[in-house]
Amino acid sequence: MTATRVLVLNSGSSSVKYQLLDMRDSGRLAMGLVERIGERNSRLKHTPLTDGGVSRERTGPIADHEAALKAVAEELAEDGLGLDSPELAAIGHRVVHGGQTFTAPTVVDDAVLAEIERLIPVAPLHNPANLTGIRTARALRPDLPQVAVFDTAFHTTMPESAARYAIDVETADAHRIRRYGFHGTSHAYVSRATAELLGRAPEDVNVIVLHLGNGASASAVEGGRCVDTSMGLTPLEGLVMGTRSGDLDPAVIFHLMRVGEMSTDEIDTLLNKKSGLTGLCGDNDMREIQRRIDEGDGRAKLAFDIYIHRLKKYIGAYCAVLGRVDAVAFTAGVGENAAPVRAAAVAGLEVLGLAVDGDLNAVRGDEPRLISPAGARVAVAVVPTDEELEIATQTYALVAPARKNAPENAHGNARDNI
């Protein structure tokens, strides 16, 4: 039996998101979420996606990630999709930070785990949780390939002129300080899907991708390769986000320490959790902000205007970086659903060839679509992202050739020698 299924795991500090896909047609077989791991009121919601399956929930204590993944395995088994299935080819793991070491999806071994652990100082909130998910999955299926797919990998093609900060080189190198970028699986998927929407090969298309969710980032993609991105050493830099400040004069931090007498932890919390749209108007939900604007709320309007101003600056900057722009693609929760954001972001940029058609922009849908007027010099598109499919695709592309070429054991299964 050919193994064509990939389980995608996204392990957070207290949650696990998962999807099971069949790579013969990229179809989803099941998906779910375990949240509040380690608490008394843990919750698992599992949804089978074949034969009209109905979602199931279980609540109660889930002590740790091992217990969470065992519960996920039980739910999948109930649908005949268990982790012991010979049709399962691999487990693909989202890993936030791969540094400069990991530039592509990588089959996990002890050395890979050690390097991901070494990168914890530059991703202290994410890499530990990602590691826990990988180690737990390896313990449950030690015979199965585990593949790490890195958020940062897509951005490793940036030239040094884009990736380097203008600080002392020795200091930067000693502490691994540079622009890494994040949301890489989304930027990779959307840039490629945008080229497909235009009926062209990715290597022939220059795209500005705007991933606008609670976290937000922009990238300049030249012929399928990232040449610049807005997030930096951490996901704090760049666009205004739901709770993150984005770009900020570094001296603000020194000022808050000296004059505000704030600790580094307090400043970290301020900039990452109490800034952005939340800091500006008290809401990080663009739908609520738009409702408040419609009611004449000046604070919400100012927050929206600051958000759009920063977004326009990056669009203009990346037009300059790319020289020729074929498309601007909006994606993620806000990018896919907030028509006023899309319209405002390109308003006044007609000189750059950018415009949206009001009627097309107002249409909602789950498929990639153009919202620019017919004949526009630069296409403006809405392209729903699919990070789970991207992780599954990269995982399967890595393990399928190895499984095909591996010798067979007495049970007829390829030996896991990759």
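Side chains included, hydrogens not; waters and symmetry mates left out as well; all remaining heavy atoms used. These numbers were taken from a predicted model, which means no experiment stands behind them.
- A salt bridge links Asp173 with Arg164: the distance from a Lys NZ or Arg NE/NH1/NH2 to an Asp or Glu carboxylate oxygen falls below 4.0 Å.
- Checked for salt-bridge contact, Glu35 and Lys45 miss the test: no charged N lies under 4.0 Å from a carboxylate O.
- A salt bridge is absent between Asp283 and Arg291; no separation between the charged side-chain nitrogens and carboxylate oxygens falls under 4.0 Å.
- Around atom CD of Glu196, no more than 12 heavy atoms belonging to other residues, nucleotides or ligands sit under 6.0 Å away.
- Nearest heavy-atom pair across Asn284 and Gly242 is CB-O, 3.3 Å.
- Under a 3.5 Å cut-off, the side chain of Asn130 and the backbone N or O of Val96 do form a donor-acceptor pair.
- No side-chain heavy atom of Ile208 sits less than 4.5 Å from a side-chain heavy atom of Val378.
- For Phe102 and His97, the ring centers sit 6.0 Å or farther from each other.
- Of the inter-residue distances, the one linking Leu271 atom CG with Thr243 atom OG1 reads 10.5 Å to the nearest 0.5 angstrom.
- Among Leu76, Val34, Val72, the single residue meeting the side chain to side chain contact (heavy atoms under 4.5 Å, CB included) criterion with His46 is Leu76.
- Checking side-chain atoms of Thr106 against main-chain N and O of Ala104 turns up a donor-acceptor pair under 3.5 Å.
- Nearest heavy-atom pair across Ser186 and His211 is OG-ND1, 2.8 Å.
- Remark: Glu295 does not engage Arg292 in a salt bridge, criterion side-chain N to carboxylate O under 4.0 Å.
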